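What you see is a predicted model, and the numbers here were worked out from it, not measured in a lab. Order of listing sets the numbers, starting from 1, for every ligand and every atom in it.
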Amino acid sequence: MPAQDFVSPDSIRAQFSAAMSLMYKQEVPLYGTLLELVSEINQQVMAHQPEVAQALRWTGEIERLDQERHGAIRVGTAEELATIARLFAVMGMHPVGYYDLSSAGVPVHSTAFRAVHEQSLHVSPFRVFTSLLRLELIDDPHLRALAEDILSKRQIFTPRVLELIAQCQRDDGLSAGDAEDFVQQALHTFRWHHDATVTAEQYQQLHDQHRLIADVVAFKGPHINHLTPRTLDIDAIQVGMPARGIPPKAVIEGPPTRRHPILLRQTSFKALQEKIAFSDQPGNPGSHTARFGEIEQRGAALTPKGRQLYDQLLDATRAALGGVPAEANASRYKALLEEHFAAFPDDLAQMREQGLAYFRYFATEKGLAARDQTGRPSSLQGLIDAGHVHYEALVYEDFLPVSAAGIFQSNLGDDSHSEYGSNANRTAFEQALGMTVQDELALYAQSEQRSLQACAQALNLATL
Ligand code: OOG
Ligand code: NI
């Protein structure tokens, strides 16, 4: 088939993201309630804060806002991870970043599968935070062997999806019909399974070691454990959740409230208790808690310098709190966070001048009108000062390890703190994945560079 008859990976991703959202709404009705709340609050923000709406118009994010969401899965073996990578590649999603969660007591390491080019992100920013269980961190050899044995027997992909992945790799694309088929087949991997693959006793053993281990090992597949819409005002969401019957976690993860949001703020509601059937007692249901809801607010992508400042301020906040943020110290944590983050300028011009964030640059009407005039400014700062170039922060497309650990913990229950020490092992993760993960900072830098080039071209300048 000629390549022009293939559907673009971006469009397959958009279809898949919509299909996942529909499936999750049916499986977890509270997710639907959350979507309504988010949409209401987003409309209010756009109506009452025209500068926010205007910024979203410049960057085009206004068009992607409604379809913006991320999900998360946890896989059990290297082979599953490598095949998931091939499945996501069909949709133009590539592994970006390495996250070590072991230091926070969660025996997994992770990456985010997402589109990498701003044009693709514009079509569909759908991302999946994907974690690989680290059985090597479990010190009970009997249990490790049990888990390995159970995992080696399962097949989380349908035969047809495996065929379509291979076909796409061979032909370098899928036709519209095959793409539709692919989306439907791929959905099966992420579905919830009411039937556990283990006996009640095995489930208990896995669960006693760590609830996460039971969640990964005891089921037929890596059910999507949450889908997360993007809000423009997470504080309003946090306050608005209880009235809708959604109990929020105690604190919002990430930076404090700001006029110009940075990185990522997240909150979630507690995981649902769901009935499951064990393999040896189908008539006597047990229960499992895994799936939950989450909301995110995205802000500026930070440069290495900005990120270092963020990490430093967050560490200092936590050190001052002297413990993990929870129900009992939530308001003190919030106050400490605000106090410490006063050192992070809340002003786009300052953030730009100090090299704290990445930006996107646009030629303005005024700049375009003056493009052939002699004597106009030719430096970036000069063009900005003259109103020939406008800039907005690049949106952060990734995740944060400390926040992710907080999200994990909030739905594992506060009682389940485990110790695994710090065990980052990016090489082992990449070996399991079968490829290297991309460096998110390089991606933002490239994106910024492309916008500068486009700007220079539009303004008839050799370079900027
Ligand atoms: C993933 C938790 C992390 C996020 O948004 O930081 C996450 C999980 O619970 O599997 O989704
Ligand atoms: Ni999440």
Side-chain angles (χ1 to χ4, degrees), residues 17 20-21 24 28 30-31 34-35 38 68-76 80-81 84 88 93 95-114 125-134 156 189-190 192 210-219 221-231 234 237-238 248-249 251-255 263-272 274 288-299 310 314 325 395-414 416-418 429 440:
S17 168
M20 282 281 258
S21 187
Y24 204 60
V28 181
L30 218 48
Y31 166 67
L34 203 59
L35 285 184
V38 166
E68 179 121 346
R69 61 187 73 94
H70 83 250
I73 57 167
R74 305 150 184 176
V75 297
E80 289 177 357
L81 182 67
I84 274 287
F88 284 139
M93 296 162 81
V96 178
Y98 171 76
Y99 303 88
D100 166 38
L101 279 302
S102 66
S103 52
V106 186
V108 303
H109 46 183
S110 323
T111 190
F113 286 93
R114 67 164 175 93
F126 182 59
R127 339 164 164 75
V128 180
F129 191 89
T130 303
S131 302
L132 173 65
L133 180 63
R134 299 181 72 179
I156 65 171
T189 297
F190 303 92
W192 172 247
H210 199 300
R211 189 150 100 191
L212 190 87
I213 299 174
D215 185 57
V216 178
V217 177
F219 296 91
H223 39 260
I224 184 98
N225 65 51
H226 63 281
L227 271 188
T228 304
R230 174 176 170 192
T231 179
I234 200 160
I237 297 281
Q238 182 84 347
K249 78 191 274 299
V251 301
I252 296 175
E253 298 290 341
L263 297 173
L264 179 63
R265 302 182 72 207
Q266 296 161 284
T267 185
S268 62
F269 65 78
K270 303 230 163 74
L272 312 169
E274 302 183 275
H288 179 69
T289 22
R291 301 191 303 165
F292 61 101
E294 186 196 347
I295 310 90
E296 65 182 20
Q297 178 170 13
R298 291 192 173 264
Y310 170 80
L314 189 69
V395 67
Y396 189 59
E397 307 283 354
D398 295 286
F399 295 87
L400 297 167
V402 175
S403 300
I407 296 289
F408 264 109
Q409 288 301 353
S410 74
N411 58 79
L412 291 173
D414 282 339
S416 61
H417 284 279
S418 313
F429 184 81
E440 66 276 21

Sort by chain and number the protein N/O/S atoms that are closer than 2.8 Å to the Ni ion (ligand 2), and list them.
His70 NE2, His226 NE2, Glu294 OE1

For ligand 1, output the ligand-protein N/O contacts shorter than 3.5 angstrom; if there are none, return none.
from: ligand 1; atom 1: 5 (O); to: His70; atom 2: NE2; distance (Å): 3.0
from: ligand 1; atom 1: 5 (O); to: Gln266; atom 2: NE2; distance (Å): 2.7
from: ligand 1; atom 1: 5 (O); to: Glu294; atom 2: OE1; distance (Å): 3.2
from: ligand 1; atom 1: 5 (O); to: Glu294; atom 2: OE2; distance (Å): 3.0
from: ligand 1; atom 1: 6 (O); to: Gln266; atom 2: NE2; distance (Å): 3.0
from: ligand 1; atom 1: 9 (O); to: Arg74; atom 2: NH2; distance (Å): 2.7
from: ligand 1; atom 1: 10 (O); to: Arg74; atom 2: NE; distance (Å): 2.8
from: ligand 1; atom 1: 10 (O); to: Arg74; atom 2: NH2; distance (Å): 3.4
from: ligand 1; atom 1: 10 (O); to: Asn225; atom 2: ND2; distance (Å): 3.0
from: ligand 1; atom 1: 11 (O); to: His226; atom 2: NE2; distance (Å): 2.8

Using only atom types and a distance under 3.5 Å, with no angle test, would you say the side chain of Thr189 pairs donor to acceptor with the backbone of Ile156?
yes

Once you round to the nearest 0.5 Å, how far does OH of Tyr99 lie from CG of Leu400?
7.0 Å

Closest heavy-atom pair, Leu264 versus Asp398, reported as atoms and distance to 0.1 Å, is CD2-O, 3.5 Å

Using the salt bridge (Lys or Arg N to Asp or Glu O under 4.0 Å) criterion, which residues pair with Arg69? Sequence neighbours excluded.
none

Presence of salt bridge, Glu274 and Arg291, under 4.0 angstrom:
yes

Heavy-atom pair with the smallest gap, counting every atom of Leu34 and Glu294:
CD2-O, 3.8 Å

Nearest heavy-atom approach of Glu440 to Gly97 is OE1-CA, 3.6 Å

Please name all residues satisfying ring-ring contact (aromatic ring centres under 6.0 Å, His included) with Tyr31, sequence neighbours left out, ordered by chain then number.
Tyr24

List the steps and the verdict of side chain to side chain contact (heavy atoms under 4.5 Å, CB included) for Asp100 and Arg134.
CA-CA 11 Å; Asp100 166 38; Arg134 299 181 72 179; 3.8 Å; yes

